[in-house]
Structures are given as C-alpha cells and as structure tokens.
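Below: the structure, in structure tokens.
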Amino acid sequence: MSTIAIFGATGFVGTGLTLKLLDQGHNVVALSRHPKKWPLQHQNLKVIKGDILTAQLEEMLSEVDAVYYLVHGLEEDSADFEYLEAKSALRLAQAASSVKLNKIIYLGGLGPDEDLSSHLRSRHLVGGILGLTHTCIEFRASIVLGAQSTSFEMLKALAHRMPVRPVASWLDNPCQPIAFTDLLTYLVEALKVEVKGHTVVEIGSQEVVAYGDLLDLVARLENLIRPHFQVPPVDQRLLLPMLDVVLPEFSEVAKKLFLSLVHPTVVTDSKAQELFPEIQPMGLEAAMKSALENSTSVYPAPWEGDFWKEVADLTLAQTKLGQEIVVEKLNLLTQGYSEKILNRLKRRK
Ligand SMILES: NC(=O)c1ccc[n+]([C@@H]2O[C@H](COP(=O)([O-])OP(=O)(O)OC[C@H]3O[C@@H](n4cnc5c(N)ncnc54)[C@H](OP(=O)(O)O)[C@@H]3O)[C@@H](O)[C@H]2O)c1
C-alpha cells in the first residue's frame, strides 16, 4: 500500500483513477480548487483545497510515493492556457525536487512532435517539464472512450446533433482511441513499472480509424441515419463559430481540439507492449459500445423539429441541391448565433 498524490483528481480521468487506487488499498491525497463540488469520500482519501498555481505543494508531497499529474486547464482563457499549463507543471516539478519522490505519472495527448496545434504542443510541453528532473512516465492517448470523457461526449453530441456527417480532409486523419477501462489499467500498472528518466508511452485500442469513421460508428451504434455531406474546402478556422452552435456546452474545448484534427493521433511504437505486455486493449467497437451504454447524456439539437425537414429525404441530401440547402441552413444557424452574441454585447454596454 502506498500513498499517492493526484493533481487533477476531480476531473474525468482523475475520478476514475482515484476510485481504482482506493479500491486497491492505496491512500490518496488530492488537490482541488473546488473540493466541495466533488462527491467522493473515503477514509483513505484526503482532499486539500488549493490551486496548483499558488498552493504550497511541498507539504502535500512530503509523504507520497508517487504523483499522478492530470491537471488540465483547457477551458481557461485561451490566450493564456499554454502558459498556465506550463507554469503549473513547473510548480509541481519544483516542489517535487525538494522531496523524495519515486515517480510522476502523467497523461498527455497522442500526436507527433512537429507542427503541433497549441493544444498538443501544450500537452507535450507539460510532459517535457515533468520529465526534465524526475522519473516520469508520460502516457499519450488519443480520444478516451468513456461516459463523461469530454472528447467522447463531443463525438456523441456531434453525431446526434448534425443531420449529416461532414466529409472533409481533416476528418480523414487517423486516430486510435482508447477505452477508459484500459486507460485506467495502464495508469495503475505504471506504479509497478521500473523506468529511468522521461519515458513516453503511446497507448490506444487495437484499431486505427479516421475521425470521420468514428462519427459513422457512433451513428450506427445509436441507430442514427447520417448521410455524408461534403464540406466545401475552407480554412478550418472559418468553421470555428459553427462549434458555438453545434457544441455550445463544449465550445472552448471543442475549438482547441478541432484544430488538432489535422494531426494523426496514432500509436507509433511498441513501448506500451514492451512495458505492459499483460495489457491487451479492447477493440474499438467494443470500447465505443461500452462508452455509449454507460453514457446518460442526451444532446437534443436546439433547432430540432421542422428546421431540417427539407433534407430529411436522404436522397435529396446527397444531391447538389440538397447540399446547398444544408449550407443555407448552417448559415442561418450561425447568423442567428452571431445576432444573439451581438445583442448580448449591446446589453452589456
Ligand atoms: N478526456 C480525454 O478524452 C483525454 C484524452 C487524452 C488525454 N487526456 C489527458 O488526460 C488528462 C486529464 O484530462 P481530463 O479529461 O480528466 O481533464 P478534466 O476532466 O478537465 O480535469 C481537469 C482537472 O484539472 C484540475 N485543475 C485544473 N486547473 C487546476 C488548478 N489551477 N489547480 C488545481 N487543479 C486544477 C481540475 O481540478 P479542480 O477543478 O477540482 O480544481 C480537474 O480535476 C489531461 O492531461 C488530458 O490532456 C484526456
């Protein structure tokens, strides 16, 4: 039995990990800015209120054997988020240097090291900072398939809300999602694995799939009919306002992840198999099915009803006229949205 500190324990990955570590008899110390909002309670769980950017971390680390780093501030003001992510990792690394700590285990993002979007660049930079001075296992994962995982919920919301499945070059890029249960197994097993220095471990399910095909998979498993719709070739950034309309509850995160779609997020080496030969990640369809079965969220489109009725005839949606109608409808949606924003700004003045 060890004492483990988790930074980011209250988040999606952190909550599942905390439960698993407590189940295995470990003591867990967690830092959270909003501990009262977190319902978990256990005799071996100690939750400390604090912000990693300002809290005294040395005391919290003085008795711990290993640290999980899952802090994620993607929803912070976008101008500052890379700086804040790096600063919080640096604070942890500095505090960890002053105590005896065996290992830092960090979960970052899967993707190449070059030409990164700011989201991926920030994930890799955090790993680099933590691994500079400590033994650090940096897991890199693509979309995590689990109920309440932001990236999974966005996929589900998109499949439910969009009357068509967009076809665009950036949706042809490959990814390799991972089942949440497999991810947790890797994270927990990492406590036992001996590594030296900074070790990057890329993890994913058994199959590689295009992002667009993932949307098709959700639609198929949810019994939704979503004809393919060719998106005119435009700069991806021009489509960002659409995300405010289609994914209002995820809009800031969605915009950052949307720009990451240009990168393949696939496993490129066999490190995971070498270090964790006993873990056999489940197949993609089984992972998606399990996530959908456990997900209770519903994503009704605010424009449901008659709005799309002209393209309800699926053969029309495949024609040039049908595609023009879809574009017109999407324009109407964004215009409506822009007007709402302008009105809100006027009211504030
Ligand atoms: N979810 C996915 O699909 C996915 C996929 C691949 C990789 N990952 C990686 O997995 C890691 C965890 O992701 P997640 O989805 O679990 O994130 P999440 O649900 O957004 O959780 C973020 C956590 O960070 C904590 N946090 C943020 N700012 C903080 C601050 N200033 N001080 C203290 N704590 C702070 C939050 O705690 P409080 O709000 O309680 O303070 C929360 O527990 C990230 O590195 C992410 O890149 C996730």
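In listed order, ligands and their atoms are each counted from 1.
Comment: Arg140 does not engage Asp269 in a salt bridge, judged by the lack of any side-chain N to carboxylate O separation of less than 4.0 angstrom.
Within the 4.0 Å heavy-atom criterion, neither part of Lys37 lies near ligand 1.
For Glu274, the CD atom is densely surrounded, since the number of other residues' heavy atoms within 6.0 Å is greater than 12.
Ligand 1 lies out of reach of Gly109, whose nearest heavy atom is not under 4.0 Å from it. Ligand 1 is never approached by Ser88 to a heavy-atom distance shorter than 4.0 Å. Taking a 4.0 Å cut-off on heavy atoms, Ser142 registers as neighbouring ligand 1.
Nearest-heavy-atom check against atom 33 (C) of ligand 1 across Ile52, Leu92, Val13, Leu110 picks out Ile52. Looking at Leu107, Leu187, Asp51, it is Leu107 that brings a heavy atom closest to atom 8 (N) of ligand 1. The residue from Tyr68, Phe7, Phe12, Tyr106 that puts a heavy atom closest to atom 19 (O) of ligand 1 is Phe12.
Here is the list of ligand 1 atoms found below 4.0 Å of a heavy atom in Arg123: 44 (C), 45 (O), 46 (C), 47 (O). Set against the non-hydrogen atoms of His34, the atoms of ligand 1 under 4.0 Å away are 39 (O). For ligand 1, the atoms lying closer than 4.0 Å to a non-hydrogen atom of Ser32 are 38 (P), 40 (O), 41 (O). With ligand atoms numbered from 1 in the order given, ligand 1 contributes 2 (C), 3 (O) to contacts under 4.0 Å with heavy atoms of Ser151. Ligand 1 places these atoms under 4.0 Å from at least one heavy atom of Gly8: 23 (C), 24 (O), 25 (C), 43 (O).
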Return a table of donor-acceptor pairs under 3.5 angstrom between the side chains of residues 91-99 and protein atoms on other chains or two or more places apart.
from  : atom 1 : to    : atom 2 : distance (Å)
Arg91 : NH1    : Ile52 : O      : 2.7
Arg91 : NH1    : Ala55 : O      : 2.9
Arg91 : NH2    : Ala55 : O      : 3.2
Ser97 : OG     : Ala93 : O      : 2.9
Ser98 : OG     : Ala95 : O      : 2.8

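For a threshold of 3.5 Å applied to N or O pairs, the pair formed by Thr10 and ligand 1 contains at least one separation below that value. Taking only nitrogen or oxygen atoms, main chain and side chain alike, Arg33 reaches within less than 3.5 Å of ligand 1. The N/O atoms of Gly11, backbone and side chain alike, include one that comes under 3.5 Å of an N/O atom in ligand 1.
Aromatic ring pairs are classed by plane angle as parallel below 30°, tilted from 30° to 60° and perpendicular above 60°; the pair Phe139 and Tyr186 is tilted. Using cut-offs of 30° and 60° on the angle between ring planes, the pair Tyr106 and Tyr69 is tilted.
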CA sep, side-chain torsions, deciding dist, call: Leu17, Leu107, side chain to side chain contact (heavy atoms under 4.5 Å, CB included): CA-CA 12 Å; Leu17 178 68; Leu107 175 64; over 6 Å; no
With side chain to side chain contact (heavy atoms under 4.5 Å, CB included) as the criterion, how do Glu249 and Tyr299 come out once you've worked through the C-alpha distance, each side chain's angles and the decisive distance to 0.1 Å? CA-CA 10 Å; Glu249 59 279 78; Tyr299 296 105; 3.7 Å; yes
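Counting only N and O atoms by type, the side chains of Thr185 and Glu189 include no donor and acceptor under 3.5 Å apart. Side chains of Ser122 and Glu85: no donor on one and acceptor on the other come within 3.5 Å.
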